Amino acid sequence: MNMKNGLLSKLRCVIAGAFAAVTLAGAAQAQEASRLDEILSRGKLIVGVSSESPPFGFVDEKGELVGFDIDIAKLIAKATFGDETKVEFVRQSAAQRWPNAQNGTIDFGAQTTSIYADRAQKVAFTRSYIDGGVVMIVRSDSPFQTLADFNKSDVTIANLTTPTQEERAKRLFPEAQIATFDGIAAQFNAVKLGRASGAQLDGPVAAWYVKQNPDMRIVEERLTDVVNTGLFMKPGDFRLWQYLDLNVSEMTGGYLFADYSKIYEKWFGTKPLNAKWYLNQPKQ
């Protein structure tokens with residue numbers, strides 16, 4: 001009986017060990033599963049972008065979707081598949097960014113999106129691929145010179161539908177009225193047409209609009225310090241995050257820098273200001 005019990009005990013241990021091994025193998029396999037595998041199998045990227053945020057993403061006079069973020073996504077497609085056309089764009093509003101990333105509608109977003117701690121609770125960010133920062137844009141004939149000038153009851157601030165802009169407007173301009181818009185173009189037009197006194201815009205976006213509209217200007221006092229702008233995606237997928245973060249790292253300071261620099265100069269007219277400074281120095 002003792003020998004029989006011993007054999008049964010050993011058999012139970014073998015079965016338990018085998019079950020544990022299978023369980024661990026299954027867990028490891030599940031952990032390794034990544035959206036990156038799906039992307040490579042699919043043969044194209046699906047990227048969320050804006051179509052109303054010049055110069056990052058907008059529709060040009062030919063009806064084509066163009067912009068800095070569009071070209072950045074194409075560069076990642078080129079690095080991934082050797083073909084910049086291997087990308088499908090999903091046009092989305094600022095409010096649609098987080099749901100579309102979280103539910104898998106997009107692989108990632110390239111949408112002039114500043115990195116903030118509260119946003120990182122909803123999505124995962126890569127390192128910054130371009131510097132940002134919020135400024136106030138007004139008409140050239142506007143009397144406003146400082147941010148304090150906007151904190152009056154007869155002033156209307158044009159906001160996007162984002163909690164960050166809402167919080168900032170309430171904090172800096174508690175006496176002012178708030179008008180909310182789904183897109184940056186509508187925000188800008190509200191100021192240009194006199195329906196709002198000023199609009200919160202990202203610095204590069206505001207500079208683009210002013211370049212195209214001499215009757216507009218940027219208030220010298222900024223609403224924020226310089227901030228980082230990253231690609232964003234569904235959290236919890238380390239392999240996809242690592243892959244995209246590597247692409248950003250190489251764009252701003254590695255083998256993709258030459259292509260990245262051309263894109264930057266195309267849209268902003270200067271060499272990249274956020275990349276490794278010595279890569280911009282003339283060769284001896």
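Along the sequence shown, residues are numbered consecutively beginning with 1. Note that this is a predicted model, so its numbers are computed, not measured.
- Within 6.0 Å of CD on E220 lie no more than 12 heavy atoms contributed by other residues, nucleotides or ligands.
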### Task
Could you walk me through whether D141 and R139 pass the salt bridge (charged side-chain N to carboxylate O under 4.0 Å, His left out) test, one step at a time?
CA-CA 5 Å; D141 58 3; R139 291 171 57 95; 3.3 Å; yes
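- Interatomic distance, CD1 of I46 versus CG of D107, reported as 5.0 Å (0.5 Å rounding).
- Of all non-hydrogen atoms in S93 and D182, the two that sit nearest each other are CB-O, 4.0 Å.
- Under a cut-off of 6.0 angstrom, the local environment of NZ in K86 is sparse, with at most 12 non-hydrogen atoms contributed by other residues, nucleotides or ligands.
- Ring to ring, Y129 and Y260 are not that close: their centroids are 6.0 angstrom or more apart.
- Aromatic rings from F58 and W208 are positioned such that their centres are separated by under 6.0 Å.
- Here the closest non-hydrogen pair linking P204 and P55 is O-CD, 3.8 Å.
- By the 4.5 Å heavy-atom criterion applied to side chains, F108 and I76 are counted as neighbours.
- Taken from CD in E250 to OG1 in T252, the straight-line distance is 8.0 Å, to the nearest 0.5 Å.
- Taking 4.5 Å as the limit, every side-chain heavy atom of F173 sits out of range of all side-chain heavy atoms of V155.
- Side-chain N/O atoms of D69 and Q111 include no donor and acceptor closer than 3.5 Å.
- One N or O on the side chain of R97 and one on the backbone of A94 form a donor-acceptor pair closer than 3.5 Å.
- Two residues are said to be in side-chain contact when any heavy atoms from C-beta on lie closer than 4.5 Å; M216 and F188 meet this criterion.
- Distance alone, capped at 3.5 Å, is enough to place a donor-acceptor pair between the N247 side chain and the Y243 backbone.
- Cluster membership for V248 and Y264, using ILVMFWY side-chain heavy atoms within less than 4.5 angstrom, is shared.
- Within the 4.5 Å cutoff, no side-chain heavy atoms of Q200 are placed close to those of L160.
- Between M136 and I157 the shortest side-chain heavy-atom distance falls below 4.5 Å.
- Judged purely by atom type and a 3.5 angstrom limit, S34 has no side-chain atom pairing as donor or acceptor with the backbone of D237.
- Without hydrogens or angle criteria, D37 side chain to A33 main chain gives no donor-acceptor distance under 3.5 Å.
- Salt-bridge check for D71 with K262: failed, with every basic side-chain N at 4.0 Å or more from each acidic carboxylate O.
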### Query
Passes side-chain contact (heavy atoms from CB on, under 4.5 Å), F68 versus T112? Steps please.
CA-CA 9 Å; F68 178 77; T112 180; over 6 Å; no
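- Judged purely by atom type and a 3.5 angstrom limit, E221 uses its side chain to pair as donor or acceptor with the backbone of L147.
- T180 contributes atom OG1, which lies 7.0 Å from atom CD of E166 (distance to the nearest 0.5 angstrom).
- Shown here for G132 and D202, the closest heavy-atom pair between the two residues is CA-OD1, 3.6 Å.
- Of the possible donor and acceptor atoms, one in the side chain of Q187 sits under 3.5 Å from a partner among the backbone N and O of A158.
- Within a 6.0 Å sphere centred on CG of D225, heavy atoms belonging to other residues, nucleotides or ligands number 12 at most.
- Residues L45 and M251 are members of one and the same hydrophobic cluster, defined by side-chain heavy-atom contacts under 4.5 angstrom among Ile, Leu, Val, Met, Phe, Trp and Tyr.
- The shortest distance between side-chain heavy atoms of R35 and R42 falls below 4.5 Å.
- When all heavy atoms of W241 and T126 are compared, the pair lying nearest together is NE1-CA, 3.8 Å.
- Between K62 and D60 there is no salt bridge, since none of the side-chain N atoms of the basic residue sits less than 4.0 Å from a carboxylate O of the acidic one.
- Between G203 and V135, the shortest heavy-atom contact is CA-CG2, 4.0 Å.
- Summarising the local packing, NZ of K122 is surrounded by more than 12 heavy atoms from other residues, nucleotides or ligands at distances under 6.0 Å.
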#### Entry: Residue pair I184, F56: steps toward the side-chain contact (heavy atoms from CB on, under 4.5 Å) verdict
CA-CA 11 Å; I184 293 175; F56 288 91; over 6 Å; no
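- By the criterion of side-chain heavy atoms lying less than 4.5 angstrom apart, applied directly or through intervening Ile, Leu, Val, Met, Phe, Trp or Tyr residues, Y255 is grouped together with F81 in one hydrophobic cluster.
- When the side chains of ILVMFWY residues are joined at heavy-atom separations under 4.5 Å, either directly or via intervening members, I218 and F150 end up in two distinct hydrophobic clusters.
- A pairwise comparison of heavy atoms in A124 and K234 identifies CB-O, 4.4 Å as the closest pair.
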#### Entry: Residue pair V90, Q96: steps toward the side-chain contact (heavy atoms from CB on, under 4.5 Å) verdict
CA-CA 10 Å; V90 175; Q96 291 173 318; over 6 Å; no
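- Looking only at distances, no side-chain donor or acceptor of N151 sits under 3.5 Å from a matching main-chain atom of A148.
- Distance check: I70 CD1 to S50 OG gives 8.0 Å after rounding to the nearest 0.5 Å.
- Annotation: the span from T80 atom OG1 to L75 atom CG amounts to 9.0 Å, rounded to 0.5 Å.
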#### Entry: Audit row: K74, I263, side-chain contact (heavy atoms from CB on, under 4.5 Å) steps and yes/no
CA-CA 10 Å; K74 289 180 178 179; I263 293 171; over 6 Å; no
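- Linking Ile, Leu, Val, Met, Phe, Trp and Tyr residues whenever their side-chain heavy atoms come within less than 4.5 Å leaves L246 and M233 in two separate clusters.
- At a threshold of 4.5 Å between non-hydrogen side-chain atoms, the residues N228 and R127 do not count as touching.
- Partner of E167 under the side chain to side chain donor-acceptor pair (under 3.5 Å) criterion, out of R171, Q165, K170: R171 alone.
- Within the 4.5 Å cutoff, no side-chain heavy atoms of T105 are placed close to those of Q92.
- Taken to the nearest 0.5 Å, the CG atom of L201 stands 5.5 Å off from the CD1 atom of I137.
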